[in-house]
Every structure is written in structure tokens, then in C-alpha cells.
Asks: 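What follows is a single structure, and I will ask about it in a moment.
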Amino acid sequence: MQLPDAIKEKPGRNYETIAWKWMRYSALLLIPLVWGHVLLQDILVGVHRIDLNYVALRWASLGWRIYDVLLLGFAFAHGVNGLRQVALDYIHNPRARRGVEWGLLIFWLLITGIGAAAIIGGVSALPE
Amino acid sequence: MAHLKTPLQGYLGYRGREGQTAFLLHRISGIGTALFLTIHILDTALVYFYPGLYEEAIGIYRTTLFGIAELFLVFLVIYHGINGLRIAGFDLFVPQRWNIPTARGSFRLTLILTLLLWLPAAAVMLYNLLHHNFGLFGG
Amino acid sequence: MRLTLKIFRYDPNTSAGPHYDRFQVEADPNDRVLDLLEAVRGDQDDTLSFRRSCAHGVCGSDAMRINGLNALACKVLVKDLNSDTIQIEPLLGLRVEKDLIVDMEPFFAHYRSILPYLINDEPLPEDGKERLQSEAERERFDDTTKCILCAACTTSCPSFWADGQTIGPAAIVNAHRFIFDSRDRGRLKRLKILAGQAGVWRCRTAFNCTEACPRDIHITRAIAEVKQEILKHS
Amino acid sequence: MDTLHTYDVLVIGGGGAGLMAALHAAPRARTAVISKLYPLRSHTGAAQGGIGAALGNVEEDRWEWHAYDTVKGSDYLGDQDAIDFMCKEAVQSVYDLEHFGLPFSRTPDGRIAQRPFGGHTNNETGKPVRRSCYAADRTGHMILQTLYQQCIKNEITFYDEFQVVDLLLVDGRAAGVVAVELASGELHTFRARAVIFATGGHGRMWEITSNAYSFTGDGPAVLLRRGLPVEDMEFFQFHPTGIYKLGILITEAVRGEGGILLNSKGERFMEKYAPKIKDLASRDVVSRAIYLETRAGNDINGQRYMLLDVRPETVNRYAALDGRTRPDGSPYVVSAEEILSKIPDIADFCRTYLGVDPVKQPIPIQPTAHYAMGGIPTSIRGEVLADETGRVVPGLYAAGECACVSVHGANRLGTNSLVDLIVFGKHAGLNAADFAASADLPPLPENPQAFAGHQLAALRGGSGKERAAQIGREMRALMFDEVGVFRTEQGLEKAVETLQDLRRRFTDIRVGDAGKAYNTALLNAWELGNLLDLALVTARAALARRESRGAHARDDYPARDDQNWLKHSLAWLDEAGQVHLKYKPVTITHYTPKERTY
Ligand SMILES: Cc1cc2nc3c(=O)[nH]c(=O)nc-3n(C[C@H](O)[C@H](O)[C@H](O)COP(=O)(O)OP(=O)(O)OC[C@H]3O[C@@H](n4cnc5c(N)ncnc54)[C@H](O)[C@@H]3O)c2cc1C
Ligand code: HEM
Ligand code: SF4
Ligand code: F3S
Ligand code: FES
């Protein structure tokens, strides 16, 4: 249905619209990433077999590193935006909201940074 | 959070059906996963920053208490994933199908699928737990 | 049969806080819950306050929580509740003014915010007659014209409970009615309003609205259609 | 909050008539709407059938035909100048509604859809004509919504949940109103140059009614108390098919689709009363037949109801007996699906309230009090008239069901009420704005809230010997039995007497709620007082009218008597509770009264 419109103000790109799309498209990618990770670590390998050596072994392969970077990027960004949505549901004071949004942004950058550093840096040698 | 009274009254007292349950579970599982993921990123990062502490940290994961928590966590991750796909699928591909019968039915299907995926996973994890922490199954 | 009504009470004139009163009433299985409320007010306690008018589900006055679910008191029959005690409470998320009466102004403010009127400044047809609209074009928005603005949907929505600023399903339903009306020209402006922070993205498809709607409007579907329309134009 | 407000034009009532008036007054006068309900809750929203206008979208039609049908339907009591005016204006008014955005159903070529309705005919062939413009089966709902939407667009001022309890008159001129703010219980005084009453009907004085709880005749009652008359109150329409006990309306369309009325013996009793058109006879005829059957003991289970049977097997059986055919000449045979698709809302009502699936079980029905033909006497311009000479009360207007122009006379045709609202609502608004533009602001009377305050105080300060709910029940039962479908001298005398007694007892009630906020008990009691006043006037006017005409059916005077009774009644109610009746002639222009047969 093609409709003429008198008022040409478009809804345009706004953050909420993009975030909504992001939550859904990232979801499609998260299934293999997150589930793959959980399947491998928690079920097939199991926490009892995970140690520094295991991690070092895994990260020896570039493929796994890329996988983990993707996982970190998508899952954490998805999760933090999810937390933002939840928080904004319950926090209404505009200043508090701005505080939460900035706080989460910094939190996201910080944690992602730490995670990325680890994946890129790899397992450090244990001090003797 | 001065405004939590009404939502709590609603979540606890309103007799919502499948949709409300799906929403609440999705929210709880999302928040839970996000919090766990944060911790998990941090502890994994120890391998780079303080490798000495890593073994200690992973030790916590091996405790019985965490073993049980992990069972729940995996359930939530599976549920959140399937339900997320359900939501994304309707929203992006068949928005006109968002009606009561399909919503109720798809949620029930979500729960069933979640259980179907979780039960074998839980069995394996339970096996690991019993095997390593209690020496069962010829440990 | 004899029933117990457990009714939420709140009187701003007294210092007593909200509480529940119990009333015993004689009821016919075919009685509407509204009939029972009338009986209580008429014969037992005339301080009980609630709104009502048409008594057959078309005016939207008497939405309230009945045994924990939003409904019109005039459209719920005793026999369908299957319980000896009926719990009646005001709508959630709006300030209680007295007993079952809540402040509707925030609800109507959300309704007004989506420009709920035909916008079309183009000249009228030369002959002074109607603007033409095909049967299919009319059918496109038929479902959402049924809304009686009873607020049962909005006040059952978890997002609205959490934040009264949320525009809520009823306002979106009424926006939908114009957005998909082929005669309207204000569509994009409404979409812009609804794309905002308090708009359609607040809907987490919890479905309480659709389950509660006494007019059986496919609310969640209407919201989904509006979401798609926003995506198309962003 | 300030409790004194000043406007040019005040509209009392937010239904179809009130909103239409406000929309047309507001561009030229500072206007406010005062309504005891949120406007969208008004009873205009309950109308289903449609709004009549000779658009001729599906077949030839002329407004003159519409006018003649209306005159005939009114049993010649309608004023013909007013009817001409209404039917002519109806056409443009419907287009105006469409331009306002009303989502009418459409014809295949995109025009406003129209369907047949009882009493609307092609005057040349005598066949039914499709004149009722509709929006699915929610025409009233869509009118109300659309007008309210336009009010939002035009930023009309609303005082929602303010109940008007008194009219202020200064030297015989309207000066404003007094209203209770429901939320606070405070009295507010509204000053104005012009006041328009559009408060709807008063069907709540009958036990079984299709009317809303809010239809308590506040407007006419307030005016009565201020010494103004009401017109033609003896004419109140009973719709034959209301849902048993509840009174919810089941439209004539059900019988149009072939539904049959049955008594306890399983007889199709309409054969006895209207041998030719049987179940499709006009509203007053069918209501009377149901009543007579009940009196003869043929009601179902002795419970004063009949069955309306629209099951396909019944419909098809009687259709075969009647030799009913489709337009193409094939026999009329229907399926359950076809019936359901034609009456979706009715099916919903039956399922919700009766647990009856209308295509599987018959529907229990009984006549239901439906529409007030009488009300506040007005001119074609919407001005309120003070007496039988047509003296106008300056600055006072009325429109909608509370008014009596009179276009409906003794019996309203289906779809004509909505026309009335739209046409006379608009003109009342325009004329009130005109008046306000040239008139000064009248002074307020001294102590403007005294009379209203006194009335409310009396309700709180009575002896408490009587209960309002009980008086209400007695009034409704009495009215339904004695001033209902059928009336007799004896019954009406008893009704007048009993009503006078009920009015006395009413002074002994005491409202238990002493609070201010949303004291609904107090206002309900006040409304009961209005109903008692109007019931008394109705019974008294019915007692006086010794003929049968339209909805007023006298057992003892079964014939129409144009010699003596082709005239409108005007009734005044004095402080002692006595009703005074006067009469004024019917305006007859070009349709001379003749016998009414269909
Ligand atoms: C079930 C049903 C079906 C019908 N179907 C049709 C149909 O198909 N076609 C047709 O033409 N007609 C139909 N009618 C008749 C028609 O709907 C009504 O006559 C008409 O809607 C009345 O409109 P109104 O504006 O006069 O009153 P309403 O719409 O009822 O408005 C009255 C207004 O006055 C206000 N009010 C009342 N008292 C006070 C007070 N004291 N102070 C302040 N405000 C006050 C109320 O709040 C309300 O806003 C039907 C009626 C019923 C009951
Ligand atoms: C496994 C694959 C996943 C899928 C398919 C998925 C899908 C989704 C979708 C579609 C939403 C939007 C829900 C809505 O707006 O109604 C969502 C919300 C959310 N997700 Fe995920 N997600 C996944 C994994 C994760 C992970 C790993 C986290 C944690 C880091 C997470 C945290 C959240 C949070 C906190 C929300 C917000 C919940 C709310 O608004 O109530 N999700 N998810
Ligand atoms: S959409 Fe339904 S529930 Fe919501 S206000 Fe409208 S009628 Fe009521
Ligand atoms: S309940 Fe609320 S979350 Fe969406 S589906 Fe309905 S608006
Ligand atoms: S009283 Fe009108 S909807 Fe219930």
C-alpha cells in the first residue's frame, strides 16, 4: 500500500529503533556463539577439566580466538543493552537515567576491554 | 527505584498467562546471564592479568554449590535463547501472526524445547558433578 | 448461590489506608460482576464507589481487576469465574482515587499524544461528497476501530506498570487506526512519536493486553504492525 | 481549584449531540463541555444500526422520501417543518462526518455503504430502500469516537466527570449552571451567555431497558425544577427484542434474517397479530403482541419472556412456509455461518450474557425500554421553548435525545436518532454561538449554588427511614407494568398515585456516604429523584392521552384519534408534585395524516 504523506517528518533513525533491531539480529547470531560456548565448556568439557593449560591450548588456535572475540562483542553488547532496557523501565528520573546510561556505557567498554585484552594477550606464563 | 511497587504487585498478583510468564522468565534469564557473563569475562581475563589467580577462580566453579547453580544457568541460557528466537522470529518475519493462540502455543513449545535440550545437558553436567565431587561412577 | 466479594477499599477522606472489605451477596450464576457491585452499593454499603454506564461492554467505564485479571465488570459473569470468592480491585498503574475508581487522566494523556484524529488538509472532493476508500482499504484498520478506551490493556501491561510514561497499548491501537487509514496524511508524524523512548519499543510482547481486551482486538499484532511500519521509514 | 468558571457557550453532555454542538460553537465562542461521564462513555456509543440519510449511494433515494417515512413513522405527531429540515440536512451532515474521519463501511466503488432499515422506503414502489449509512455494526461508537477526536484536534475544553445539578436563570434567561465535580465533591458555578443541554435519555425508569445506567433524564428534570415544561413524555419507545432480564438490544436485523418469535406453546404468535408481515411488523406492534401473549399466560416458564429463534432449521422451515425467496427467485435457505456473519455482535452478546449460541438455541427476549421521543421542547434552531405559544428561553438550547423538536413524534424510526443528534446538535451549537456573540454576559443570581446545595443536603439529611435502592426497584417495576408497552386508565391512575407516594417516600432516604470524593451514592440518589419526577410526568401525560398513537398504546382507547389528540403535550411539575398539562398543535405542512399501515 503506497500512501501519500502530508507531513514528511520521518521517524528516522533513533537509538531505540536501532537497539530494538540490534537485540533481534544479534539474537540470531548469539545462538551458535553462546550455545556453542556453553555446550563446549559446561557440558562437553566441563569445568573440572578447564584450567590454564586448557585455555592456552584453545587460544593457540586463531579460529577459537576469533570465535571468542565475536562472542564477547555480541553477547556482552546484547546483554548490556538488555540491562539498559530493563533499568530504564524502572528508573524514571531523567538525571538518574542519564547516569545509568553513562554508567553502563563505561561498564561495557571497561569489561569488553578487559576481555579483549585477555583474548588478544593470551595466557601469561605463570610466575615461577 | 521508587517505582517498583506497581510492577511487583503486577508480577506477583496479576494473573497474566503465557505471555507474562515468558516475559518475566526472559527478563530474569537475561539479567542473570548478563551478570554471570560479566563475572565470567573477568575471571577468564585473569589468565592474562593474574594467571596465578585463575586456578583459584576456576576452583569456585568446581564446587558443588556452583555445580547446581550451573544447572540453572544453563537452563536459563537455553530458555533465553529459544524464547529470544521465538520473539525475534515473530517480530521480524511474521508480525501478523502475533495472536493469542500462536503466542500461547509458541511459548509452550519454547518450554518443551528448552526442557528437551536441557535434560540431556543437565544429565551430563550432573554426571560430571557427581563424578568429580563425590567420586561416583568409578571416580 | 451465596458468594463472598472481597473488594479493595480506599477512601482519601479518612486516614485509613487501603484495605479489603468482604461482602456476602446472593447471586445468580448469570449475574454480571457489575450486578453484584450494584447490589452491594444499593443494599449494603453505599460508600462503595465504582464507575459504570452502559452495562453491556460498549462504553468502557468499568474496567477493573477481577480475580486478578483486568476485565469489564459488566462482561464477566459469576458462573465463568468458578469461585466462591470474587476479588475485585482497581486497575494497576493508575492512582486510586477512591475504591475502584482510578485517575484516568494519564491514560487519556497518552491517547491524546498520538494525535488521535484524521489529519488531511488536502481539498475535499469537488462534489462535496465523501472521500473515496476501497473496501480493502477500510478493512485494513477495522480491528483497531473497535477500541472503547477502557484501559484494560494499558493497565495490564508490565511495561506500563514499570513506567507510567510508557505510551501503552491503547494509545498504540488508536494510532494504528489512523496510521493504516488510507485517508490519513499524518502517519509519519505518529510513527515518529511512537518510535520514541516511551513508544512501541517498550512493548515486550507480554500479551496481557490482548488477553484482557474486552473487544477482542489483536493488540499485540497491531503493535507489531506499527513496529514494522516504523522500521520501513527509518 | 477555582470554582467559578465563565464561558460564552456551555454544552452539558458529551455524547453525539453535545460534541457536535461544541464543535460548531467553539470556532466563534469560548466553549466548554461539561459531562458527568468521560465523553467516550456516552450512550451514543451503543448505537449499532446506522444513521439514515438519502445519499442514494446504492440505489435511488431522495431526502423527501426520508421525510415522508419519518412523518409516517411518527404516526403524524412529528412536526413536519422540522422533519423536512432534518432529512435535508442529514445528507450534508453525514458527509461532514466522513470528512471528520468517520470510518464508514464502503460500497465496492468506495462510497459510504448503506443498508435497509425498518420503515425506510422508496416512496414510489413502497419497497425498502437502503438509506442507513453504517460503520459495521458500530455506527454510534464510530460517531462518538470521531466527534471526540475532532474535539481533541480543536482543543475543546472539557470538564469531565462534572455532573450538572442545576440551571441558573436570571429574568427568564439562561445564565449558567451549577455542577458537582465528582472527584472532589465540590460545587462549581459555570457562568455563560448560552447553555446547551444534551444529556441524553431517561430509560432507566423502566425495569428492562437497553439504556445505560446514566440515562436518568438529568437535563429535563433540572429544567422541570426550574419551572420549564417537557414535551410528549407519554411517548417512549419499547423495542420488542431485548435480552431477557438484561434488556440489551437485539437488533431487528435478526428477524430480518428470518428469526421467528415463539411463545411457550411453540406457536409463531405474530401470525395472530400481523397476519401479513408477521415477525417483521413495526416495533410497537411486536412489543404489544409479546405483552398480550404474556398476559394470556403464553410466556415461557411463566417468566414473562418469549423466544427469538434464529436457528437455521427454524428459519428455513418458516421461510418455506412463507414462500420466502431470495432476490433471484430461489428459495430462502440459510446456513449457520451465514447467520453468524450477519450478526456478529449480537452473537457475542448472546454468548457472553446468556451462554446461548444463537444458531443452536433460541434467544430469550422481552420488550425493552429503548428511546425517549419526548423531552425538552425546542425549536428547529435548538432553542428551548418555555410554553405552548413557542416563547423562547433566551440563551437556552437543547439537542439530542433529551430534546423534543419534535421529529420523532409518537414513534421514532430506526437510524433517525443519530440523524437528530448530528443535525440538531450542529445547529444548536451554531445558534448558541450566534446568540453568545450578540448577548452580554448575564449577571449571576444571588447565591447561585443555594438551590443545588439544598437538594443535595436534603439527600444527606433525610430521616433514613427509606432506602433509595428499594424505591428505585419499586419505580422500575411499576413503570414496566403500568406505563410500559400497554397502558390502561386504571393502571395509569395507580401509577400516578404510587409515583406520588414514592416521591414522598424519597424525601425520607438518607445517603450513607458522608464523604466528598466520588460520592456516587449521593449522585445516584439525586438521579433517582430525576427519574421519579419524569416518571410521574410520563404517567400523568399518558393517563391524559385517551388514544393510541405510535408507542403510546392504550388498551381502552385502541384507535388513533386525530380529532382530539393530534397535538403535543407539554407538562409542568409544580413544587407540590402536581403535573400541569397543556397542549400545542402539530406542525403539518404537506403530509396530511392518514392511517398508518405497512
Ligand atoms: C442499544 C441502543 C442502540 C441504538 N441504536 C441506534 C441506531 O442504530 N440508530 C439510531 O439512530 N439511534 C440508535 N439509538 C439511539 C441513540 O443512540 C441515542 O438516542 C443517542 O445516542 C443519544 O445521544 P445523546 O447525545 O443525546 O446522548 P448521549 O450520547 O447519551 O450523551 C449524554 C451525555 O450527557 C451527559 N450527561 C447526562 N446527564 C448529565 C449531567 N447531569 N451533567 C453533565 N452531563 C450529563 C452524559 O455524560 C453524556 O455525555 C440506540 C440506542 C440504544 C440504547
Ligand atoms: C542465546 C542467544 C540469545 C538470544 C536468542 C537472545 C535474544 C534476546 C532478545 C530477542 C531479546 C529482546 C527481548 C525483548 O525486547 O522483548 C533479548 C533481551 C535480553 N537479552 Fe538476550 N539473547 C541471547 C543471549 C543473551 C545473553 C548471552 C545475554 C547476557 C549477556 C542476554 C541478555 C539479555 C538481556 C539482559 C535482555 C533484556 C531483557 C528484557 O528486556 O527484559 N541475552 N535477548
Ligand atoms: S484496546 Fe481493548 S483493552 Fe485496550 S482500551 Fe481499547 S478496548 Fe480497552
Ligand atoms: S501487555 Fe504490554 S508488553 Fe506489549 S503485548 Fe501488551 S503492550
Ligand atoms: S458499563 Fe459500559 S463497559 Fe461496562
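Labels below follow one simple rule: chain letters A, B, ... track the order of the sequence lines, proteins then strands, and each chain is numbered from 1.
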Asks: Taking all atoms of both residues into account, what is the closest heavy-atom pair of A:Trp35 and B:Gly81, and its distance?
Replies: CZ2-CA, 4.0 Å
Asks: Hey, which of A:Ile120, A:Leu72, A:Val34, A:Val86 has the most heavy atom pairs under 4.5 Å with chain B?
Replies: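 With the most close heavy-atom pairs to chain B, the winner is A:Val86.
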Asks: Of the backbone (N, CA, C, O) and the side chain (C-beta and beyond), which part of A:Ile114 lies under 4.5 Å from a heavy atom of chain B, both, or neither?
Replies: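 The answer is both parts of A:Ile114.
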Asks: Testing A:Val38, A:Asp42, A:Ile43 one by one against B:Glu70 for a side chain to side chain contact (heavy atoms under 4.5 Å, CB included), which residue passes?
Replies: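 Only match with B:Glu70 under side chain to side chain contact (heavy atoms under 4.5 Å, CB included): A:Asp42.
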Asks: Relative to chain B, which segment of A:Ala96 carries a heavy atom at a distance below 4.5 Å: side chain, backbone, both, or neither?
Replies: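 Looking at A:Ala96, nothing touches chain B.
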Asks: What part of B:Tyr54 is in contact with chain A, defined as an atom under 4.5 angstrom from a non-hydrogen atom: side chain, backbone, both or neither?
Replies: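 When you check distances to chain A, only side chain atoms of B:Tyr54 fall under 4.5 Å.
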Asks: Return the minimal non-hydrogen interatomic distance between A:Leu52 and B:Glu55, and the atom names on each side.
Replies: N-OE2, 3.1 Å
Asks: What part of A:Ala116 gets closer than 4.5 Å to chain B, counting heavy atoms only: side chain, backbone, both or neither?
Replies: neither
Asks: Relative to chain B, which segment of A:Leu39 carries a heavy atom at a distance below 4.5 Å: side chain, backbone, both, or neither?
Replies: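 Neither; nothing under 4.5 Å.
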Asks: Given a strict heavy-atom distance threshold of 4.5 Å, which part of B:Leu117 is in contact with chain A: side chain, backbone, both, or neither?
Replies: side chain
Asks: Side chain, backbone, both or neither: which part of A:Ile111 has a non-hydrogen atom closer than 4.5 Å to chain B?
Replies: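 Answer is both: backbone and side chain atoms of A:Ile111 are under 4.5 Å from chain B.
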Asks: Sort A:Val47 into side chain, backbone, both or neither according to what part of it lies under 4.5 angstrom from a heavy atom of chain B.
Replies: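 Contact with chain B: backbone and side chain both.
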Asks: Side-chain contact, heavy-atom cut-off 4.5 Å: A:Ile119 with B:Tyr48?
Replies: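 Of all side-chain heavy-atom pairs linking B:Tyr48 with A:Ile119, none is under 4.5 Å.
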Asks: Just wondering, do A:Leu28 and B:Leu85 contact through their side chains at under 4.5 Å, heavy atoms?
Replies: yes
Asks: How long is the straight-line distance from CZ of A:Arg24 back to CG of B:Leu92, given to the nearest 0.5 Å?
Replies: 7.0 Å
Asks: Do any of residues 26-45 of chain B come closer than 4.5 Å to chain A, heavy atom to heavy atom, and if so which ones, in number order?
Replies: B:Arg27, B:Ile31, B:Ala34, B:Leu37, B:Thr38, B:His40, B:Ile41, B:Leu42, B:Thr44, B:Ala45
Asks: Please flag which part of B:Val77 lies under 4.5 Å from any non-hydrogen atom of chain A: side chain, backbone, both or neither.
Replies: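 B:Val77 touches chain A through backbone and side-chain heavy atoms alike.
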Asks: Which value, rounded to the nearest 0.5 Å, describes the distance between B:His80 atom NE2 and A:Leu30 atom CG?
Replies: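 Rounded to the nearest 0.5 Å, the NE2-CG separation comes to 8.0 Å.
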Asks: Let me know if A:Val123 has heavy atoms under 4.5 Å from chain B in its side chain, its backbone, both or neither.
Replies: both
Asks: Considering only heavy atoms and a distance below 4.5 Å, find which of B:Leu129, B:Ile78, B:Ile87 pairs most often with chain A.
Replies: B:Ile78
Asks: Taking all heavy atoms of A:Ala117 and all of B:Phe49, pick out the closest pair and write down the distance.
Replies: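 So the two residues come closest at CB-CZ, 3.9 Å.
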Asks: Counting only heavy atoms not in A:Tyr54 (residues, nucleotides, ligands), do more than 12 fall under 6.0 Å from its OH?
Replies: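 Buried by this count: over 12 neighbours within 6.0 Å.
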Asks: Using the ring of each side chain (for Trp, its six-membered ring), is A:His48 parallel, tilted or perpendicular to B:His132, with breaks at 30° and 60°?
Replies: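 Answer is parallel, since the angle falls under 30°.
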Asks: Counting only non-hydrogen atoms closer than 4.5 Å, does B:Ile82 touch chain A with its backbone (N, CA, C, O), its side chain (CB onward), both, or neither?
Replies: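 Contact with chain A is through both the backbone and side chain of B:Ile82.
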Asks: Measuring from atom CZ of A:Arg49 to atom CG of B:Asn128, what distance do you get when rounded to the nearest 0.5 angstrom?
Replies: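 Separation between the atoms: 7.0 Å.
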Asks: When you look at CH2 of A:Trp22, are more than 12 heavy atoms from neighbouring residues, nucleotides or ligands closer to it than 6.0 Å?
Replies: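 Enclosed: over 12 neighbouring heavy atoms sit under 6.0 Å from CH2 of A:Trp22.
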